Each structure stands twice: as C-alpha cells, then as structure tokens.
Amino acid sequence: MSHQFNQYSKLLNRSLSHAVDYLESLPERPIDKQVTSQSLRRKIGGSLPQKPSNPEQVLDELVTNVESGLIGSGGPRYFGYAIGGSFPVALAADWLVSAWDQNVPYYVSSPGTSVVEETAAEWMLELLGLPDTAGVGFTSGAQEAIYTALITARNSLLQKAGWDVATQGLYNAPRIHVVVSDQIHSTIKRALSMIGIGVNDIKTIPTDNNLRIIPDHLPAILDRCDGPTLVCAQAGCIDSGAFDPFEEIAAHVQAHPNAWLHVDGAIGLWSAVSDNQKHLLKGIEKADSWDTDGHKWFNMPYDSGMVIVRDATLLATAMGGNSMGDYLTDAIAKPDRNAINFGISASRRARGVPVYAAIKALGKEGIQAHLDNCCVLAQRMADRLRHVDGITILNDVVSNRFSAQFGIGGDEFRNHLTARVVHQLQQDGFCYPSTSGYKGLKTMLFSVLNCHTTAEDIDATAEKIIEIYHIELEACQLGEATAQCE
C-alpha cells in the first residue's frame with residue numbers, strides 16, 4: 001500500500017476543520033459530559049481492523065466517537081488541578097512540529113529545531129532571571145523534569161562524597177538525606193523512588209498556615225544530615241500558590257558542606273517573568289536546579305516541561321555525557337546543542353518550538369500580562385466567595401490559585417459539604433474546580449491558568465458556585481443527605 005505526499009492536504013484540512021470546530025465550541029460546551037467508560041469502549045473499541053479503511057472516514061469517526069469523552073480543559077471555565085489552555089500561536093507551532101517530524105537529540109538530525117530550542121532556552125533563562133550558564137532541557141512535563149534534576153543532584157552529591165555512580169552504581173553508596181516541605185508534591189516522592197532514594201530518607205519541614213516552609217526549622221534538620229543532602233522547595237504550592245522563602249533556605253543549604261537545593265516550580269516559576277510577582281521568588285536564583293511546566297501556566301499544548309540545572313556540565317554528565325554508540329560519536333562531538341545532553345530522551349519531538357513561538361509572539365510584556373491577569377482573576381474569585389456566609393478562603397491569595405471550604409461547623413461536616421459542592425459543580429458542567437486537601441481538610445481547589453479566561457467567566461462561575469453551595473447546604477439542613485453531611 002503506497003502513500004503519496006499529495007494525500008496530506010485533504011486529510012490535514014479535514015483535521016483542521018474538526019480542530020477549529022472543537023476549539024470554537026469550548027466557551028459554550030459542557031466541560032464534562034459525564035460519559036461512561038463502557039459507552040466509550042462501545043464506540044471506540046471493537047475487533048482489530050484487518051483491512052484498510054478510508055482515512056477521511058477514520059478521522060470523522062474518531063472525532064464523533066471520542067468527542068463525548070473529551071474534558072473541556074482548554075476552555076475558559078476550567079479551574080481544576082493545574083491544567084492550562086494553549087496560546088493560539090503555540091498550538092499552531094506544535095502542528096508544524098508534527099508536520100516537520102524531526103528527531104532532535106542531536107544537532108545533525110535537525111539543525112533548525114536544535115537552534116530554535118537553543119534560543120528558546122536562552123530566552124527562558126533571561127525571562128526567569130536564572131544564570132545564563134545553566135543547562136535547559138525540554139521534557140514531557142514537570143515530572144520528567146524533576147526526575148532529570150534529581151538524577152543530576154544525586155550523582156553530583158555522591159561525586160562530591162567520593163562516589164561515582166556511573167562506574168560504581170548505587171550499591172554501598174553513601175546515603176543521601178532528603179529534606180522537603182510537609183507539603184511536598186507527589187512528583188518529588190515519585191522521582192525519589194525512581195532514583196533509588198526511599199521515603200525513609202525523607203525529613204520534613206513544617207509549614208505555616210499558607211503552606212510556606214518555616215525556615216527557622218531548617219538549621220536543626222540540616223544538622224542531623226551528616227552526609228550528602230538534597231533539599232527541595234516549592235515555587236507555587238499546589239494548594240495555596242504560596243512560595244517558600246528561598247533566600248533564607250538557600251543560605252542554610254549553602255552552609256552545609258555537601259547539599260543541593262532543588263526548586264519545584266511546576267506552576268509558580270513563571271511568576272519570575274512578572275515585575276509584579278517576582279518579589280515572591282527572591283533568592284530563587286541561588287538554587288542548584290529548577291523544574292517547571294509549559295502546559296500549565298505558560299499555556300503550551302501538551303506535553304511541555306523544562307528542567308534547568310545551574311551547572312550545565314553536571315546535567316550533561318548525569319545524562320551520560322558522550323557515552324553513546326560509535327555511530328553517534330561524531331554527532332555528539334560537534335560544537336552545537338545536542339539535546340540528549342539536557343534530558344533523558346534519546347528520541348523526542350521538538351518540544352521547544354512552541355515555547356520559542358510563544359515567547360517571540362507575546363514578548364516579555366505579553367507573557368507578564370497573561371500571568372498578572374490570572375492572578376487578578378483568582379483574587380477576584382476569592383473576593384466574591386469570601387463575602388458569602390459559610391465560604392472560607394483558606395490562604396492568602398498571592399498568585400493564581402487558592403483553596404476554599406464550604407459550611408460552618410465541625411471538620412467532618414465541612415469536608416463532606418465541600419466534596420458534595422465540588423462534585424455537583426463538576427456534574428453540572430458549566431465550570432470545573434477540583435478537590436484537594438489543606439492540612440487534612442477537604443477543599444475546593446481553584447486555579448486560574450488559562451489565557452482565555454475573562455472577568456465575565458469568573459463572575460459567572462462565582463454565581464454558579466454560590467448557587468450550588470446553597471442547594472447542597474439546604475439539602476444537608478433538610479436531612480436529604482444526612483449520611484454524607486452529618
């Protein structure tokens with residue numbers, strides 16, 4: 001079966017039509033259509049196809065069968081978890097990435113996209129106020145970025161302790177102490193488990209009511225760490241948007257004879273771009289490594305993440321340096337950016353291209369306007385809700401997110417009522433917050449990340465939240481949901 005290059009035009013234009021129809025429906029479509037997995041399997045599944053099918057028909061059926069199972073997370077009233085939309089120019093650039101179909105681990109395999117990623121990395125460091133000598137890798141997301149950074153931290157800490165992981169492995173290696181916030185994100189724990197550091201090695205630092213590390217506790221904890229030590233801090237706590245006091249943390253870490261400071265900035269690292277927000281990250285440039293997501297607050301299409309390591313040589317060494325097959329020796333030795341030195345992937349798409357396009361199209365001013373607008377809108381929502389009797393905003397709103405609880409009474413009542421309110425909001429489909437936890441409390445997590453969200457979306461969503469809250473509160477008071485609400 002032969003494929004011709006002139007076949008692309010008709011299929012891509014058909015795909016374009018479907019894509020535009022979907023994107024333009026986002027402001028009005030229900031965010032969650034509540035379809036069952038069984039229903040989706042009936043539409044999508046079936047026996048293995050044995051013969052070719054008309055590709056246009058395949059595309060049409062794909063759209064028809066999958067559409068009801070799509071969550072409108074790219075829409076303006078999706079406020080759950082930490083999922084952003086897409087800048088139009090980033091999505092358009094990502095389509096080019098697929099069409100170009102370049103493999104980017106080596107400069108020789110795609111000189112053009114290698115230079116695009118090199119430029120995007122340089123621009124990112126300048127935007128974020130990080131050392132221009134740092135190494136930047138484009139990853140699938142913050143999880144991979146954290147994994148990559150912590151591999152580099154582990155190897156560097158052990159090297160300083162006289163142990164070469166590349167040649168000696170991990171058996172009998174010095175134990176690495178790990179110091180983290182009691183609000184540690186699951187991605188840090190997951191990465192630690194994958195690089196051979198167990199949870200028994202973790203020491204936690206208490207946090208304040210806004211979920212920021214209390215730095216006064218750090219010296220005593222570090223005094224108990226008599227060997228290589230990894231310290232993790234957060235820029236933009238998932239539940240409060242809070243930023244740890246990086247300057248004080250960095251000073252304590254630098255006083256330790258062999259310690260590494262990593263900052264998880266999956267959401268909040270982008271605040272460094274804003275003149276109005278960057279004070280929240282004072283001292284962050286003193287860390288040894290950082291991670292962030294593009295597909296959260298920076299509104300890249302999935303998938304997009306970045307790992308940044310202060311000393312690019314340490315990153316390249318941890319990623320294998322020049323330990324490649326003979327057939328790649330010449331490629332890796334050339335004096336140009338070889339992306340394989342900045343990440344774990346030996347094959348990947350050119351993820352840095354949408355980043356480049358967005359930075360060039362928006363400029364620093366446009367990016368700052370997006371970031372500041374999200375913070376203003378989050379504050380607007382918090383202000384609307386906190387004036388309603390029985391709705392509590394649990395944290396100072398310093399960024400683009402906050403946690404709230406519903407009801408007056410004991411923890412159990414408020415936890416159940418809050419869960420019911422969020423569940424009903426999701427079922428309703430007009431807007432979509434999510435649940436989370438805040439020092440043991442069940443909460444509504446509200447995140448503003450999307451470049452398409454407006455003040456009108458916030459106000460309409462506030463009315464819907466208040467409406468659902470009063471309905472659920474009345475149901476509890478009337479005893480219609482006694483088992484859940486008492």
Side-chain angles (χ1 to χ4, degrees), residues 87 90 93 104 107 113-142 144-146 148-150 152-153 156 233-236 243 246-247 250 260-300 304-319 335-344 350-368 370-371:
F87 294 130
V104 300
Y107 176 86
T113 59
S114 293
V115 173
V116 168
E117 291 202 339
E118 177 181 78
T119 305
E122 292 172 354
W123 287 350
M124 273 190 59
L125 293 174
E126 184 176 351
L127 281 170
L128 298 173
L130 299 179
D132 59 10
T133 55
V136 179
F138 294 96
T139 67
S140 62
E144 184 184 322
I146 292 168
T148 306
L150 297 195
T152 306
S156 301
Q234 284 191 94
F243 295 76
F246 303 111
E247 194 155 47
W260 180 288
L261 176 58
H262 175 76
V263 173
D264 175 15
I267 304 171
L269 191 61
W270 293 101
S271 287
V273 182
S274 168
D275 293 336
N276 298 318
Q277 300 173 51
K278 64 184 180 182
H279 67 279
L280 297 167
L281 295 102
K282 186 178 181 182
I284 200 169
E285 72 283 354
K286 298 176 182 179
D288 298 290
S289 59
W290 308 261
D291 70 79
T292 192
D293 264 319
H295 52 234
K296 288 186 171 65
W297 204 1
F298 193 49
N299 281 208
M300 293 296 103
S304 178
M306 301 88 178
V307 58
I308 307 171
V309 177
R310 170 183 292 279
D311 187 336
T313 303
L314 295 179
L315 176 58
T317 301
M319 295 301 102
D336 293 299
R337 178 184 170 91
N338 292 294
I340 199 167
N341 285 327
F342 301 94
I344 63 174
R351 296 192 187 103
V353 171
V355 176
Y356 172 92
I359 295 175
K360 187 158 189 177
L362 276 71
K364 182 180 184 295
E365 290 182 2
I367 297 170
Q368 175 172 335
H370 162 62
L371 300 171

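As the structure is a prediction and not an experimental result, all values here were calculated from the model.
Note: His370 and Phe87 have perpendicular aromatic rings, judged against thresholds of 30 and 60 degrees for the angle between ring planes.
The nearest pair of heavy atoms linking Leu281 to Ala235 is CD2-CB, 4.1 Å. Residues Lys296 and Ala266 come closest through the heavy atom pair CD-O, 3.9 Å. The minimum heavy-atom distance between Phe243 and Ser271, with the atom names listed, is CZ-OG, 3.5 Å. The minimum heavy-atom distance between Ala134 and Ile308, with the atom names listed, is CB-CG2, 3.8 Å. The two residues Arg351 and Thr139 come nearest to each other via the heavy atoms CD-O, 3.0 Å. Closest approach of Ala250 and Lys286 over heavy atoms only: CB-CB, 3.8 Å.
Side chain of Asn338 to backbone of Tyr107: a donor-acceptor contact under 3.5 angstrom is found. Distance alone, capped at 3.5 Å, places no donor-acceptor pair between the Glu247 side chain and the Lys282 backbone. Trp260 contributes no side-chain N or O that, together with a main-chain N or O of Leu150, makes up a donor-acceptor pair within less than 3.5 Å. Side chain of Ser289 to backbone of His262: no donor-acceptor contact under 3.5 angstrom is found. In terms of modelled atom types and a separation under 3.5 Å, the side chain of Asp288 and the main chain of Leu261 share a donor-acceptor contact. Between the side chain of Trp290 and the main chain of Ile284, a donor-acceptor pair closer than 3.5 Å is present.
Going from atom CG of Asn299 over to atom CD1 of Ile367 covers 11.0 Å, rounded to the nearest 0.5 Å. Interatomic distance, Leu371 CG to Ser274 OG, rounded to the nearest 0.5 Å: 6.5 Å. For the atom pair CG of Asp293 and CD1 of Ile267, the computed distance is 8.0 Å after rounding to the nearest 0.5 Å. Interatomic distance, CZ of Arg310 versus OG1 of Thr152, reported as 14.0 Å (0.5 Å rounding). Rounding to the nearest 0.5 Å places CG of Asp311 at 7.5 Å from OG1 of Thr133. In this structure, CG in Asp291 is found 8.0 Å from CG in Leu269, a value given to the nearest 0.5 Å.
If you check the side chains of Ser304 and His295, you find no donor sitting under 3.5 Å from an acceptor.
Side-chain atoms of Trp270 and Met124, non-hydrogen and from C-beta on, do get closer than 4.5 Å to each other. Annotation: side chain of Val115 is not in contact with side chain of Asp336 (no heavy-atom distance under 4.5 Å). Contact check for Asp275 versus Lys364: side-chain heavy atoms found under the 4.5 Å cut-off. For the pair Phe138/Met306, a side-chain contact is recorded, criterion being any heavy-atom separation below 4.5 Å from C-beta on. With contacts defined as side-chain heavy-atom distances shorter than 4.5 Å, the pair Val355/Trp123 does not qualify. By the 4.5 Å heavy-atom criterion applied to side chains, Met319 and Ile340 are not counted as neighbours. Between Val136 and Val307 there is no side-chain heavy-atom pair separated by less than 4.5 Å.
A 6.0 Å sphere centred on CD of Glu126 holds no more than 12 heavy atoms belonging to other residues, nucleotides or ligands.
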